[in-house]
Participant: 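This structure is in structure tokens; I'll ask about it shortly.
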Amino acid sequence: MVRDRGRDPRPDPRRDPADRLPSPRSRARLLRAADHGARRAHRACARRAARARAPREATGLTDVTLAPRFDPKAIEVRWQEAWARSDAFRAPSRAPGARFSMVLPPPNVTGVLTLGHILGGSVMDALARWHRMRGEATLWVPGVDHAGLATYVEVRRRLAKEGVRIEELTREEAIAAVDRWRQDHERRIVEQLRAGGFSLDWSRYRYTMDAGSVRATRTAFVALYHDGLVYRGERMVNWDPVLRTAVSDLEVQNVEEDATLAFVRYPWADGTLGGMEVATVRPETMFGDVAIAVHPDDARYAEALGRFVIVPLAHRRVPVIADAAVDPTFGAGALKITPRHDPIDREIALRHPDLATPVEIFDESARLTGSGVPAEFHGLDRSTARARTLEALEREGFLVRTERYRHSVGRSERSNAVIEPRLSMQWFVRMAPLAAPAIAGVRSGEIRLHPERWTPTFFRWMEGIQDWCISRQVPWGHPIPVSHCRACGQDTVTIDPPTQCAHCGSRDLTPDPDVLDTWMTSWMWPFASLGWPERTEDLAEYYPTSALVTGRDIVFFWVARMMMAGYRFTGRAPFSDVYFTGMLQDEQGHRMSKHLGNSPDPLDLISDRGADALRFAMLFPNPVSEDGPFGTSTLDGARNFLTKVWNLVRFTLPHVPPGAPPPASPELSSSSALENRWILARYRRAAEEFDAALAGFEPTRAATVLHGFVWHDLADRYVEVAKEALAGRRGDPLLRETRSTLLFVVERALRRLHPFAPHVTEELWHALPHDGDLLATSRWTPADEAPADPEAEVAMEAVLETIRLLRNLRAEEQVPSGTTPPAWVRPAGPEIADVLARERATVARLARVASLTLLAASDPAPAGTAGRVAPLGECYLERPADAPTASEALLREREKLTGLLAKERARLTDAGFRSRAPPSVVSEVEEKARDLAERVRRIDDHLKAAGSPPAG
RNA sequence: GGGCGCGUAGUCUAGUGGUUAUGACGUCACCCUGACACGGUGAAGGUCGCCAGUUCGAAUCUGGCCGCGCCCA
């Protein structure tokens, strides 16, 4: 019944409740609609159907028609193709004037785009389109990231499902398998980006493993190597025993987990009774122990220093040593030292060079191996070994007791395996020298972070930065550009893969088997994607880039490192502004993640509600820079808003004369209609704030301003007021002025909305008179082409407020919808009286009253009326004969006002306030108190006149 | 354990010393009004986390406490 309205004869499958799952809200609405009285609805439908059938020649000014309902599917692809056809987003190679450039943070070819990508894309496209429309040469570079480990893990998992272990493939086979996966996902990602309508310059599409990226990566590595900023060394690294590779500190997630803390007795080596009690959560590492350490000031162990204990089960003799790093309050205050398998232990061991050389007890999969491990435990993996060790210790009487213990465990971001600290030979980047210029850049304001509050976090991390482990023991990634010479044992490190040793000329070279961390390529993205290390025209024209938009989760992985790379390799900051988006949550407040499977596929949402709605929903109403929920109600809100805009243009179209020129700057005079002056002033204000918000990286504020302006000022207020003039009942010049004002404001609103909702605005703009082929590339219109007009704003405020008061009275008094009782207003001052006298007809029409009579200050309140007292004056409405008695609203108002009045009076009697507050504030309060007292008095008068006793 | 950030109607949120605390969603009532029910009109809903302090005046500044989140160890 709801859909059977006779306006659109085509069946619309989306309207059929059986075809989709209605949200709880729309379900409620359907039920309500059904409930609402079938007969009434039916009558209305019939009336509408008749209307729709009647030709529109009464207005007949234009033959352009828009579908009665906004249907994104019907328009989005069409405009995407139109933009592509006209190369609208290809950045000019050489152009005069300002530049705006950005790189798209290249999505991982691991999978498909998530809503997080759409969030960032929506912000970036808003910026790109806004700058482009303002005439700046605008470049937005698309690309995808090979995403080293992340992609490798994905493919590894996929192959495992098919029964293939990627570790058993040859290097070439593994790379080929990953690359096939990459190609599939690259296609899908590009398709998603196109469906979003993002204004990327596809002619400059890049991939982090294309030839240019290979060259950039090798060039950078070689430069750092020769500058001594890349080195190879045996260090304690985070070892992922599942993927069997080292990972960087950032790729380790620390999580709180329960463990068993075992108190183990290490007996004295000389056979004396007793021994040292050691607390450990990792008893299985005891086979690698080289010492027991205590704090040097720990009196309990003063005697023990220099003595030896026996490592239980291993039957090895190790010394008791003193080191200040030991926490005497933890456990028994004694720490077993296993230097190959714990970073703190290693540091302690390095301070005690006379200790035995530590033995390695784990293999690359963290299974117990090596000569120090008793046969009983050989080949066991860590967790089995732990349990068996505990059993053995207990059996042999070395286990004193155990405790439950909650502590932080490092897990590999990619495999979730518990990280095994492991001493191994790896490549590192020396970070401190690279970080310094980046810190200085942010400190000096050369690079600005938005929102600003993330700067302290940034500094903290940068200032404590550790060297970066960049080698990975997997096949997928950029090979480390180092070859070892078997003849002379030296390394050859060159940009082009060498054919012979740079030192001895031998051809017996072995390339380093490892690959580079994926961020070793992406940290150069802002300039590598523009052609570096070649001195390309794009690099000259568009580097440094203007803005970088990304999620806060990769501030250290990526943003900080881009700054370092930018300063190091180009001598400049890679971007001037960084905008961090928040993390999306589902409607239950859980962070959206692929892992939880609670992020919907953007393509599904686009095909359901349209790319424009999805994009607008990303920016409004929840602030982009905060973590916040996203769900159907947000999406519905955006869709509803765009439908509103659609209908606003449908309303406008019949008022556009055929052949009318595109709207130009408005020409109004002081004799122009108030509503026209007002809406232009409101537009000016909104447009200024919109521009300021975008310039200040506040996309949500820009969207909010626009939403409020379009919906409330333009559609709800202006259009309703202007209907009178548009009907031609107030004379020709006014009709012309109103039509051109309406057209102007609607068209300009579409322009401002275009960066947020490009497709629908493009469609609507084409339905209106327009210059040029595309809104996307049309010239910008500055806010100040509309006059500021504070007078009109104040005057209109009085009109709107009067209407609101009278409507309020109608509702309070339950005036039946069909009747129009007479009304009276006693304006508070002559200016308001003037305005209301002029706009009397408007007020009467919109408040739905039969007449509006202005009262003088001395006139008594009309009998038989209900009244409201407001700052602008008093309003009275004739009460229905059978209306209920006293006006509760008036009493409530009185109570509120007397409360306020008491507060102001209290301040005025406070001597401190009078003597210390600025005189302007004092007089403001005095005036407010006078005004409040006057309003209370009028309420009392009115209550008296209406026969109710004034409230105490 | 350390650091940073955040606590404002049922939910999300604006608001950096004087506002009758902003808006959206949700709620309630009325309404198919010649663009729009994916709509209109009106209303209700807040001791601005708690406690002290600074100030003539605090949602706003300071300190402490409580709660939540993130990062680091």
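So you know, we letter chains A, B, ... as the sequences are listed, proteins then strands, and number each from 1. It should be emphasised that the depicted structure is a prediction, and the values quoted were computed from it without experimental measurement.
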Participant: A:Ile803 has an atom CD1; how far is it from atom P of B:rA43, in whole Å?
Facilitator: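 In whole Å, B:rA43 P and A:Ile803 CD1 are 14 Å from each other.
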
Participant: Taking C-beta and beyond as the side chain, do A:Met592 and A:Met583 meet within less than 4.5 Å on heavy atoms?
Facilitator: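 Answer no - side chains too far apart.
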
Participant: Using a 4.0 Å heavy-atom cut-off to protein, can you give one letter per nucleotide of nucleotides 67-73 of chain B, 5' to 3': B if the base is in contact, S if only the sugar-phosphate is, - if neither?
Facilitator: ----SSB

Participant: Using a 4.0 Å heavy-atom cut-off, does A:Arg804 contact any base of the nucleic acid, only the sugar-phosphate backbone, or nothing at all?
Facilitator: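 Sugar-phosphate only.
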
Participant: What's the CG-P distance between A:Asn647 and B:rC32, to the nearest Å?
Facilitator: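 A:Asn647 atom CG is separated from B:rC32 atom P by 20 Å.
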
Participant: Which residue lies toward the 5' end of RNA chain B, A:Thr704 or A:Arg848, if each is placed at its nearest nucleotide?
Facilitator: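 Result of the comparison: A:Thr704.
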
Participant: Would a distance-only check, ignoring hydrogens and angles, find a side-chain to backbone donor-acceptor pair under 3.5 Å from A:Asn238 to A:Ile419?
Facilitator: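 Here the side-chain-to-backbone pair does not exist.
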
Participant: Looking at A:Arg930 and A:Glu927, is any side-chain nitrogen of the basic one under 4.0 Å from a carboxylate oxygen of the acidic one?
Facilitator: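 No salt bridge links A:Glu927 with A:Arg930.
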
Participant: How many Å lie between CG on A:Leu648 and P on B:rG39, as a whole number?
Facilitator: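 My rounded result for the distance is 14 Å.
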
Participant: Would you confirm whether A:Arg639, through its side chain, and A:Leu614, through its main-chain N or O, come within 3.5 Å as a donor-acceptor pair?
Facilitator: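 No, because the side chain of A:Arg639 does not come within donor-acceptor range (under 3.5 Å) of the backbone of A:Leu614.
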
Participant: I need the CD-P distance between A:Glu689 and B:rG23, as an integer number of Å.
Facilitator: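 After rounding, the reported distance stands at 14 Å.
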
Participant: For B:rG57, does either OP1 or OP2 sit under 4.0 Å from a side-chain N or O belonging to A:Lys903?
Facilitator: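 Answer no for this pair, as no side-chain N or O of A:Lys903 is under 4.0 Å from OP1 or OP2.
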
Participant: Answer yes or no: side-chain N or O of A:Arg935 and base N or O of B:rU20 forming a donor-acceptor pair under 3.5 Å.
Facilitator: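 Yes, the side chain and the base share a sub-3.5 Å donor-acceptor pair.
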
Participant: Between A:Thr652 and A:Leu648 (side chain of the first, backbone of the second, donor and acceptor by atom type, cut-off under 3.5 Å), is there such a pair?
Facilitator: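 Checking the backbone N and O of A:Leu648 against the side chain of A:Thr652, a donor-acceptor pair under 3.5 Å is found.
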
Participant: Determine: side-chain N/O of A:Asn808 to OP1/OP2 of B:rA43, distance under 4.0 Å, yes or no.
Facilitator: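 Checking B:rA43 against A:Asn808, a side-chain N or O does come within under 4.0 Å of OP1 or OP2.
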
Participant: Hey, which sits more toward the 5' end of RNA chain B by its nearest nucleotide, A:Asp910 or A:Ala811?
Facilitator: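 Nearer the 5' end of the strand: A:Ala811.
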
Participant: So what's the dot-bracket for RNA chain B: Watson-Crick or G-U pairs under 3.5 Å, [ ] if a pair crosses, | if it pairs off-strand?
Facilitator: ((((((((.[[[..)..(....]]].(((((.......))))).....[[[[[..)....]]]]]))))))).

Participant: May I ask you to say what A:His712 touches in the nucleic acid, namely base, sugar-phosphate or nothing, with a heavy-atom cut-off under 4.0 Å?
Facilitator: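 Since only primed, P, OP1 and OP2 atoms lie under 4.0 Å of A:His712, the category is sugar-phosphate.
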
Participant: Look at the aromatic rings of A:His707 and A:His712 and report parallel, tilted or perpendicular, splitting at 30° and 60°.
Facilitator: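 Because their plane-to-plane angle is over 60°, the rings of A:His707 and A:His712 count as perpendicular.
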
Participant: With sugar-phosphate meaning primed atoms plus P, OP1 and OP2, does A:Pro451 contact a base, only sugar-phosphate, or nothing at under 4.0 Å between heavy atoms?
Facilitator: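 A:Pro451: no heavy atom of the nucleic acid under 4.0 Å.
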
Participant: When you get a sec, tell me which of B:rA35, B:rG39, B:rU20 is the closest nucleotide to the side chain of A:Ala715?
Facilitator: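 The answer is B:rA35.
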
Participant: Taking CZ from A:Arg810 and C1' from B:rU41, how many angstroms apart are they, rounded to a whole number?
Facilitator: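 Checked: the CZ to C1' distance equals 10 Å.
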
Participant: Remember a base hit wins even if backbone is also touched, and classify A:Val925 as base, sugar-phosphate or nothing at under 4.0 Å, heavy atoms.
Facilitator: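 No contact.
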
Participant: Under 4.0 Å between a side-chain N/O of A:Lys644 and OP1 or OP2 of B:rA35, yes or no?
Facilitator: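 A:Lys644 to B:rA35 OP1/OP2: no side-chain N or O under 4.0 Å.
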
Participant: Can you list, by residue number, the residues of residues 911-923 of chain A that have a non-hydrogen atom closer than 4.0 angstrom to RNA chain B?
Facilitator: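 Residues of residues 911-923 of chain A under 4.0 Å from RNA chain B: A:Gly912, A:Phe913, A:Arg916, A:Ala917, A:Pro918, A:Val921.
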
Participant: In this structure, how many angstroms lie between the C1' atom of B:rG42 and the CG atom of A:Leu806, rounded?
Facilitator: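 My rounded result for the distance is 13 Å.
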
Participant: Could you give the CZ-to-P distance, from A:Phe580 to B:rC6, as a whole number of Å?
Facilitator: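 Going from CZ in A:Phe580 over to P in B:rC6 covers 16 Å.
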
Participant: Can you tell whether the side chains of A:Glu463 and A:Arg460 come within less than 4.0 Å, N to carboxylate O?
Facilitator: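 Here A:Glu463 does not pair with A:Arg460 in a salt bridge, since their nearest N and O are not under 4.0 Å apart.
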
Participant: What nucleotide, of B:rU13, B:rA43, B:rG40, holds the atom closest to the side chain of A:Asp716?
Facilitator: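 Nucleotide nearest to A:Asp716's side chain: B:rG40.
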
Participant: Base, sugar-phosphate, or nothing: which does A:Lys896 touch, judged by heavy atoms less than 4.0 Å apart?
Facilitator: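 The answer is base, as A:Lys896 lies within the cut-off (heavy atoms under 4.0 Å) of a base atom.
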
Participant: Just checking A:His450 against A:Phe580, ring centres under 6.0 Å apart?
Facilitator: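 No: the rings miss the under 6.0 Å criterion.
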
Participant: Could you check how far CZ of A:Phe616 sits from P of B:rC25, rounded to whole Å?
Facilitator: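 Those two atoms, CZ and P, are 12 Å apart.
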
Participant: What class does the angle between the rings of A:Phe641 and A:Trp711 fall in, given that below 30° is parallel, 30 to 60° is tilted and above 60° is perpendicular?
Facilitator: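 Judged by the thresholds at 30° and 60°, the geometry between A:Phe641 and A:Trp711 is parallel.
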
Participant: Decide whether A:Ser248 and A:Glu251 meet the rule of one side-chain donor and one side-chain acceptor closer than 3.5 Å.
Facilitator: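 Yes, because at least one side-chain N or O of A:Ser248 sits under 3.5 Å from a partner of the opposite role on A:Glu251.
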
Participant: Should the pair A:Arg561 and A:Trp468 be classed as cation-pi, given the thresholds of under 6.0 Å to the six-membered ring centre and 45° from the axis?
Facilitator: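 Yes, a cation-pi geometry.
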
Participant: Closest approach to the side chain of A:Arg639, judged atom by atom: which nucleotide of B:rC38, B:rG42, B:rA35 is it?
Facilitator: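 Closest of the options to the side chain of A:Arg639: B:rC38.
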
Participant: Looking at A:Arg907 and A:Glu904, is any side-chain nitrogen of the basic one under 4.0 Å from a carboxylate oxygen of the acidic one?
Facilitator: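 Answer for the salt bridge query: yes.
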
Participant: Decide whether a cation-pi geometry holds between A:Arg682 and A:Tyr718; the criteria are a distance under 6.0 Å from NZ or CZ to the six-membered ring centre and an angle within 45° of the ring axis.
Facilitator: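 No, A:Arg682 and A:Tyr718 do not form such a contact.
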
Participant: Between B:rU16 and B:rU27, how far apart are the P atoms? Round to whole Å, please.
Facilitator: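 Taking atom P in both B:rU27 and B:rU16, they lie 31 Å apart.
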
Participant: When you get a sec, tell me which of B:rC25, B:rA35, B:rC12 is the closest nucleotide to the side chain of A:Ser633?
Facilitator: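 Selected nucleotide (nearest to the side chain): B:rC25.
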
Participant: At less than 4.0 Å, is any side-chain N or O atom of A:Trp711 found next to OP1 or OP2 of B:rC36? Yes or no.
Facilitator: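 Answer no for this pair, as no side-chain N or O of A:Trp711 is under 4.0 Å from OP1 or OP2.
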
